[in-house]
Participant: 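Take this structure, written in structure tokens, and hold onto it; I'll ask about it next.
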Amino acid sequence: MGTPHTRTGLILMGGGARAAYQVGVLRAIAEIAEQAAAPTTNPFPIIAGTSAGAINAAGLACGADDFGHAVRSLDAVWSALHAEQVYRADSLGILQTGARWLSMLSLGWLIARWRRARPRSLLDNSPLHDLLGRLMDTRRIDYALRHGHLHALAVTASSYASGHHVTFYQCREDIQPWTRTQRLAVRTRITRDHLLASSAIPFVFPAVPLEIDGHIEHFGDGSMRQAAPISPAVHLGAQRILVIGAGRMHEPAERRPVSADYPTLAQIAGHALSNIFLDALATDVERLQRINHTLSQMTPEQRERTRLRPIDVLVIAPSQRLDDIADRHVGALPAPVRALLRGMGVTSRPGDTRGAVLASYLLFEPEYVLDLIALGRADTLARRADVERFFGWERPASAAGHDRGRPADREPAMADQREFADGCADAAVGFKAVASA
């Protein structure tokens, strides 16, 4: 069980449009905190984000002086988000990137000699660059650190040049950079370019140049080669960590219907992205559990001689497959994007889910986003007791009694919000874990 004075870390995993789920989880945590009369200060002095989770992390860090307002702001932005605000979704934009990229796959030997014709990615995310510039003032991170609302912010990216997985961090105290095999940390001021680099899904969005050790390297999505996603928060001093995943931690035992057809390009791409975005967290959690079991077998004298220390970890992950939800909303994508994805095997035909995984990362449309926010909120409220134990929050007895008569899956009335669907989460897992400092 946590105590209110334990330094808490928040880890927001990646996944493109799937990161909308995190907003629902954060909204529920803000509600639980308010009902428990918890302090109004930022409950996460250490925040680490990867991919689209890095953008959410920076948004929380910029608003760390008012956690509730920061969460409401994230919710408002995500709820009104459209694909065209994240990447070029018009016909000309698609022709200049995606169509040209697919042509290179088949006619590259003819046009590779013209360097200007070489596309850098499937989609052009320059609208996201502009959106972040309008909505996020990263100077607010300095303010939050200086006034004690925030202890540290970290975002991760992967270097295409060196192959290193790099954690860029900004902190209040003097925390020395760390180095592990194929992993290193760089203390710097977090900027919009760091967020764009961390969220540059491979092949889909272009790499971003960043300065490191006095020279320029091009970086892509931080989920690539991320062997230990929980590690940055531990290095930055977290004593307990809340992790919000972007996919189910474990699949149910029953087998899903499968197709005997040869996999489409979209199906292969979705499988590769799932490997990049989803597998590392489950592996890291299992590793921490094994280390925790090993420490439990040690005598107090033996534990004193090791650098390992216990970390309370609560993982909240979707209770439903997000690609199944995406499959219901593929038709919400702009027509030029649907045409591009159709060439890769993504369809909007009911029941044809082979391209749904790829679509789940690109569906920045309200129909899909609101469903994910709804699921995140319902999953978290269903695990209210775990959240309260984790933070050491205690609800007044009267509030607990009132909750028995109020459906936990009902979204408070808000403009432009739909009713939240019934749900029961079984994927939020609380356990005691350990990690090396």
Side-chain angles (χ1 to χ4, degrees), residues 2 6-15 19 21-23 25-27 29-30 33 39-75 77-78 132 135-157 166-173 175 185-192 194-195 198-199 222-223 226 228-246 281 311-316 376 380 387 390-391 435:
T6 304
R7 183 170 283 174
T8 306
L10 173 66
I11 294 181
L12 300 174
M13 301 299 294
Y21 176 85
Q22 300 167 359
V23 178
V25 174
L26 292 169
R27 284 197 56 184
I29 290 174
T40 58
T41 55
N42 174 28
F44 303 109
I46 297 171
I47 306 175
T50 298
S51 191
I55 296 176
N56 285 342
L60 289 177
C62 289
D65 56 327
D66 189 339
F67 176 72
H69 178 73
V71 171
R72 289 190 296 272
S73 296
L74 282 176
D75 180 39
V77 171
W78 275 95
L132 292 177
L135 298 182
M136 192 176 299
D137 183 0
T138 54
R139 293 174 299 179
R140 291 277 303 169
I141 300 172
D142 294 318
Y143 173 87
L145 291 167
R146 189 166 58 251
H147 290 83
H149 304 299
L150 184 69
H151 175 71
L153 169 67
V155 300
T156 61
V166 182
T167 298
F168 298 96
Y169 70 99
Q170 189 172 349
C171 56
R172 187 183 187 201
E173 300 174 359
I175 302 175
V186 175
R187 185 173 183 178
T188 188
R189 190 172 180 275
I190 303 300
T191 67
R192 175 172 46 175
H194 291 97
L195 305 182
S198 183
S199 57
S223 294
Q226 189 176 39
I230 299 176
S231 173
V234 176
H235 283 290
L236 293 172
Q239 297 164 298
R240 65 184 176 205
I241 300 172
L242 174 69
V243 183
I244 306 179
L281 176 59
I311 303 290
D312 282 326
V313 178
L314 177 65
V315 180
I316 300 180
T380 307
V387 173
F390 177 78
F391 285 102

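Residues: numbered from 1 along the sequence shown. Quick note: numbers below take in every heavy atom, side chains included, and nothing from hydrogens, waters or symmetry partners. Everything quoted here is computed from the prediction, not taken from an experiment.
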Participant: Looking at A152 and L236, what are the two nearest heavy atoms and their distance?
Facilitator: CB-CD1, 3.9 Å
Participant: Which atom names give the shortest non-hydrogen contact between F391 and P43, and what distance separates them?
Facilitator: CE2-CB, 4.0 Å
Participant: I'd like to check the side chain to side chain contact (heavy atoms under 4.5 Å, CB included) partners of P45; sequence neighbours left out, ordered by chain and number.
Facilitator: R7, T8, H151
Participant: Taking side chain to side chain contact (heavy atoms under 4.5 Å, CB included) as the test, write out the residues that go with A57, two or more places apart.
Facilitator: L12, I47, L153
Participant: For I316 and F390, run side-chain contact (heavy atoms from CB on, under 4.5 Å): C-alpha distance rounded to whole Å, both residues' side-chain angles, the deciding distance at 0.1 Å, then the answer.
Facilitator: CA-CA 12 Å; I316 300 180; F390 177 78; over 6 Å; no
Participant: Between CD1 of I311 and CD1 of I241, what distance do you get to the nearest 0.5 Å?
Facilitator: 5.5 Å
Participant: Run the side chain to side chain contact (heavy atoms under 4.5 Å, CB included) test against V77 and tell me which residues pass, sequence neighbours left out.
Facilitator: L135
Participant: Using salt bridge (charged side-chain N to carboxylate O under 4.0 Å, His left out) as the criterion, list what pairs up with R139, not counting sequence neighbours.
Facilitator: D137
Participant: Side chains of I141 and R189: closer than 4.5 Å at any heavy-atom pair?
Facilitator: no
Participant: Could you tell me the separation between the CG atom of L26 and the CG atom of D75, rounded to the nearest 0.5 Å?
Facilitator: 10.0 Å
Participant: Kindly write out the residues that satisfy side-chain hydrogen bond (donor to acceptor under 3.5 Å, both in side chains) with S199, not counting sequence neighbours, or none if the list is empty.
Facilitator: none
Participant: Should L150 and Q170 be marked as a side-chain contact (heavy atoms from CB on, under 4.5 Å) after you check the CA-CA gap, both sets of side-chain angles, and the distance that decides it?
Facilitator: CA-CA 10 Å; L150 184 69; Q170 189 172 349; over 6 Å; no
Participant: Between CZ of R140 and CG of L145, what distance do you get to the nearest 0.5 Å?
Facilitator: 11.5 Å
Participant: If you look at every heavy atom in R187 and I175, which pair is closest and at what distance?
Facilitator: NH1-N, 3.8 Å
Participant: Sequence neighbours excluded, which residues qualify as ring pair (Phe, Tyr, Trp, His ring centres under 6.0 Å) partners of Y169?
Facilitator: W178
Participant: Any donor-acceptor pair under 3.5 Å linking the side chain of H194 with the backbone of T191?
Facilitator: yes
Participant: Using the test side-chain hydrogen bond (donor to acceptor under 3.5 Å, both in side chains), find all partners of N56 that sit at least two apart in sequence or belong to another chain.
Facilitator: Q22, W78
Participant: Please name all residues satisfying salt bridge (charged side-chain N to carboxylate O under 4.0 Å, His left out) with R72, sequence neighbours left out, ordered by chain then number.
Facilitator: none
Participant: Using the test ring pair (Phe, Tyr, Trp, His ring centres under 6.0 Å), find all partners of H147 that sit at least two apart in sequence or belong to another chain.
Facilitator: Y143
Participant: How long is the span from the OH atom in Y21 to the OG1 atom in T380, to the nearest 0.5 Å?
Facilitator: 5.5 Å
Participant: Please report the shortest heavy-atom distance between S223 and S51, naming the atom on each side.
Facilitator: OG-CB, 4.1 Å
Participant: Go through the structure and list residues passing side chain to side chain contact (heavy atoms under 4.5 Å, CB included) with A30, not counting sequence neighbours.
Facilitator: F67
Participant: Who pairs with D66 by salt bridge (charged side-chain N to carboxylate O under 4.0 Å, His left out), at least two apart in sequence or on another chain?
Facilitator: none
Participant: Starting at CG of D65, measure out to NE2 of H149 and round the result to the nearest 0.5 Å.
Facilitator: 5.0 Å
Participant: Can you pull out every salt bridge (Lys or Arg N to Asp or Glu O under 4.0 Å) where at least one residue sits in residues 143-154? Sequence neighbours excluded, please.
Facilitator: none
Participant: Enter the distance from I46:CD1 to L242:CG here, rounded to the nearest 0.5 Å.
Facilitator: 13.0 Å
Participant: For a quick test of reading the model, state the closest non-hydrogen atom pair linking G63 to A70 and the distance between them.
Facilitator: O-CB, 3.7 Å
Participant: Quiz question: by atom type and distance under 3.5 Å, do the side chains of T50 and T156 form a donor-acceptor pair?
Facilitator: yes
Participant: Pair I190, T138 - check side-chain contact (heavy atoms from CB on, under 4.5 Å), show working.
Facilitator: CA-CA 7 Å; I190 303 300; T138 54; 5.5 Å; no
